[in-house]
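Within every chain, numbering begins at 1; the chains are lettered A, B, ... in the order of the sequence lines, protein sequences first and strands thereafter.
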2 protein chains.
Amino acid sequence: MPIPRDARKTRRRSNAAAATIHDVAARAGVSVATVSRVLNGIAVVREETSRDVRAAAKFLRYVPNVAARSLSIRRSQTIGIVLPDVHGEFFSEVIRGIDLAARREGYHILVSGSHNDPGEMLEVVETMRGRVDGLMIMAPDVTLAPIEELMARELPVVLLNAAARTGDAITIDNFGGARAVMRHLHELGHTRVAFVCGPLHNADARERLRGYRHAMRGMETAALRALEFQGAFTEESGFAAGQKIAASLPRPTAVFAANDSMAVGALAAFAAAGIRVPESMSVVGFDDIPIARYVAPPLTTMRVDIAELGRRAFALLLDIIINPAAHTARRERVATTLVVRGSCAVAKSASTRQTRPHRAARVPGSGREKGEVL
Amino acid sequence: MPIPRDARKTRRRSNAAAATIHDVAARAGVSVATVSRVLNGIAVVREETSRDVRAAAKFLRYVPNVAARSLSIRRSQTIGIVLPDVHGEFFSEVIRGIDLAARREGYHILVSGSHNDPGEMLEVVETMRGRVDGLMIMAPDVTLAPIEELMARELPVVLLNAAARTGDAITIDNFGGARAVMRHLHELGHTRVAFVCGPLHNADARERLRGYRHAMRGMETAALRALEFQGAFTEESGFAAGQKIAASLPRPTAVFAANDSMAVGALAAFAAAGIRVPESMSVVGFDDIPIARYVAPPLTTMRVDIAELGRRAFALLLDIIINPAAHTARRERVATTLVVRGSCAVAKSASTRQTRPHRAARVPGSGREKGEVL
DNA sequence: CGCAAAAATGTAAACGTTTACACGAATCGC
DNA sequence: GCGATTCGTGTAAACGTTTACATTTTTGCG
């Protein structure tokens, strides 16, 4: 449908449709190339011309058409984020961290959540292809990990918090964090420490378990297994585990829950069972979610800087996008920090005075030590 | 740089760059128009041709270039979501709800959070223009509301949970919910009910306050004001308010906190002050955030179906996008549900037996009644 | 003042789709 | 059996940018 350009232009200006670069060029009395150059600051343009163009653009409320631009430069200035189907503020924090970093660099983020099976995830990745310059995939489930490796050659991909063995990834220092928690409990004199485990298909859960076991090494396996309770990272499962722990004999003096939600559930179970925390039972969590400091008693936990996780992941992804050839796979680890609150006390059998734990306990901010990584 | 088309095509197929519709057409021995028709199911194409095209596309791992498509059809199949700079699972739930609904309709979502001043928000909206087919703006702050009205004529916009007086919007039934909470407390015999208010620039907070005051009507203003405590929707502010309430004389028999976070904070304050809940003090929250059921005692609260909020907002936005001309502004309200847990009991002065509140209390799911809306 | 070099700007192809219109081949009614 | 439909397919313009190259204007220098 060949419409003469000038006719088209007339129509365009008459109704309310958005102004194009041609409109700006016409109004400023220059060519589209010049307009493009001015607006992108790409080449030397005479000061006066530049002013005219800017004025025309402003007057027409010109906004470049992103699709056309993407088509031309073959980049979308957008990255995709694929999240698993899990709720909670963990994810909003991750998005926040990424968004903050991305906006600084002029990138937008396309989000898709709610996928826990490889098929659906692959489908999402497929529809994002071509729409994004790079992909960030959060796949804590070990069973999901292999999929992304397929994509790696086609699109820059960073795995968040994942179990994959290859490619670029950012993970939380779960192992080191778990060991630091255990060290804290040991310093308080606890030796009989129960563990509430997260879902076993979750890579974070596994690593935390590994840290726990590493600290408990020397115990015979049977005795160790008796101290481990299965959970699912939910308050509910933590509550159930807490009930079992309350009923177990001999009862542990401390509980390390693999995340805060389960710790909160366990706390509720102990309260219901009449077990006082921290006097008769010490409890530690992992993540430092916001309510951790408002439960009774305030929860001692391992803080994970989630926004930092997002920030670092974006930096890594950008590095790949900018120079895919020169990039060599990196795997980074985000440190964790012990936050001491009121849910732990000196073990009954081991202590004399109430003040000792305060000397022994790490102050917030020093939770991770040199050389404790894997 | 005029490169003959066939030369270009050769280059293209030789290195690893993505296949285009031309490659598919060439391989299937048809024209690009036919390929487009097959892949979009837009017109009648002979079964055999269709098969060939599909096979060629599959073989070449063809994925349509979204930018080119957007440019051509002048739509991006993407909607933008602008969130304020607030954390917490409320937002991840909203995104979840929208994402679910959007994906079903083949839409993607572009997210941008972290804006609490009009300037930054406007900037974000500006950069999203042209990139999205419609916008969803969450602006609980009354001061932010006016901005979007500017945009309304340029781009389909739905306000979530906002204070604007015009345009399309989805809001929570804060007023009705607050009244239902108060009715529940009245039925338990409470007349001296304190209120912990959210930030006054927040429209949700204002409506909940209005519901509270409506229920307390008949009280003289001075006495009423003495029962209102300022908070900020945070646990911390709830804790502070709880301390003040604990010290106030005569002490209220119940507290209605404008959100769960503050209710949790107040609970902690009462525990610290030795005030037993629910025996000496009833507490109700608003939102039903996940931990609500795991604090001690489990919190009675008003549930807001957040995912539903997102779902309805998307449906509304889609309606505008599809037929902007025929659309007439709608303002919808999402209902809330009273969830009775253990944080409320019959008022001391009014009751005889412990069982009565259970008869009087509404069961979960029946919190909202006909005719109680504004 | 004249000419070469540098600077500023213009021209038009390319990015990969969609789709109005054109066109040839079946199919139909009589 | 032959014009009129219908059906299937192809051709090429259009979407709004960017940018290589061409062209014009300015500047510098003898």
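Listed by chain and number, the residues in a side chain to side chain contact (heavy atoms under 4.5 Å, CB included) with B:Val35 are B:Ile21, B:Val24, B:Ala25, B:Val30, B:Leu39, B:Val53 (sequence neighbours excluded). For B:Arg27, the side chain to side chain contact (heavy atoms under 4.5 Å, CB included) partners at least two apart in sequence or on another chain are B:Ala56, B:Phe59, B:Leu60.
Of the candidates D:dG16, D:dA14, D:dT17, the closest approach to any side-chain atom of B:Ser72 belongs to D:dA14. Between D:dT18, C:dG16, C:dT19, one nucleotide has an atom nearer to the side chain of B:Ile73 than all others, and that is C:dT19.
The separation between A:Ile21 atom CD1 and D:dG16 atom P is 11 Å, rounded to whole Å. We find that CD of B:Glu48 is positioned 19 Å from P of D:dC7, with the value rounded to whole Å. Note: NE2 (A:His22) to P (C:dG10) measures 12 Å, nearest angstrom. Separating the CG atom of A:Leu71 from the P atom of D:dT19 is a distance of 12 Å, rounded to the nearest angstrom. C:dG16 atom P lies 16 Å from atom CG of A:Asn65, rounded to whole Å.
For A:Glu308 and A:Arg311, the salt-bridge test passes: some basic side-chain N is under 4.0 Å from an acidic carboxylate O.
For A:Asn40, a side-chain nitrogen or oxygen approaches OP1 or OP2 of D:dT18 to under 4.0 Å. OP1 or OP2 of D:dT18 sits under 4.0 Å from a side-chain N or O of A:Arg69. When the side-chain nitrogen and oxygen atoms of A:Arg74 are compared with OP1 and OP2 of D:dT18, none of them lie within a distance under 4.0 Å.
Across A:Leu159, A:Leu317, A:Leu155, a single residue satisfies side chain to side chain contact (heavy atoms under 4.5 Å, CB included) together with A:Leu135, and that is A:Leu155.
The closest side-chain donor-acceptor pair between A:Ser50 and A:Arg54 falls under 3.5 angstrom.
End-to-end axis angle of the helix from C:dC1-D:dG30 to C:dC30-D:dG1, from C1' rotation axes over five pairs per end: 40° (rounded to 10 degrees).
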Please step through side-chain hydrogen bond (donor to acceptor under 3.5 Å, both in side chains) for the pair A:Arg131 and A:Ser70, ending with a clear verdict.
-> CA-CA 9 Å; A:Arg131 202 181 281 266; A:Ser70 292; over 6 Å; no
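Sorted by first and then second residue, the salt bridge (charged side-chain N to carboxylate O under 4.0 Å, His left out) pairs involving residues 62-72 of chain A (not counting sequence neighbours) form an empty list. For the salt bridge (charged side-chain N to carboxylate O under 4.0 Å, His left out) condition, the pairs that include at least one residue of residues 321-330 of chain B, sequence neighbours left out, are B:Asp319-B:Arg330, B:Arg330-B:Glu332.
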List every contact pair, protein side and nucleotides 8-12 of chain D side both N or O, where the distance is under 3.5 Å.
unit_1 : atom_1 : unit_2  : atom_2 : d
D:dT9  : OP1    : B:Arg46 : NE     : 3.4
D:dT9  : OP1    : B:Arg46 : NH2    : 3.4
D:dT9  : OP1    : B:Thr49 : OG1    : 2.4
D:dT9  : OP2    : B:Arg46 : N      : 2.8
D:dG10 : OP2    : B:Ser31 : N      : 2.8
D:dG10 : OP2    : B:Ser31 : OG     : 3.1
D:dG10 : OP2    : B:Thr34 : OG1    : 2.7
D:dG10 : N7     : B:Arg37 : NH2    : 2.7
D:dG10 : O6     : B:Arg37 : NH1    : 3.3

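Closest-nucleotide positions on DNA chain C for B:Ile42 and B:Ala67 were compared, and the one nearer the 5' end corresponds to B:Ala67.
Without hydrogens or angle criteria, B:Asp23 side chain to B:Ala19 main chain gives no donor-acceptor distance under 3.5 Å.
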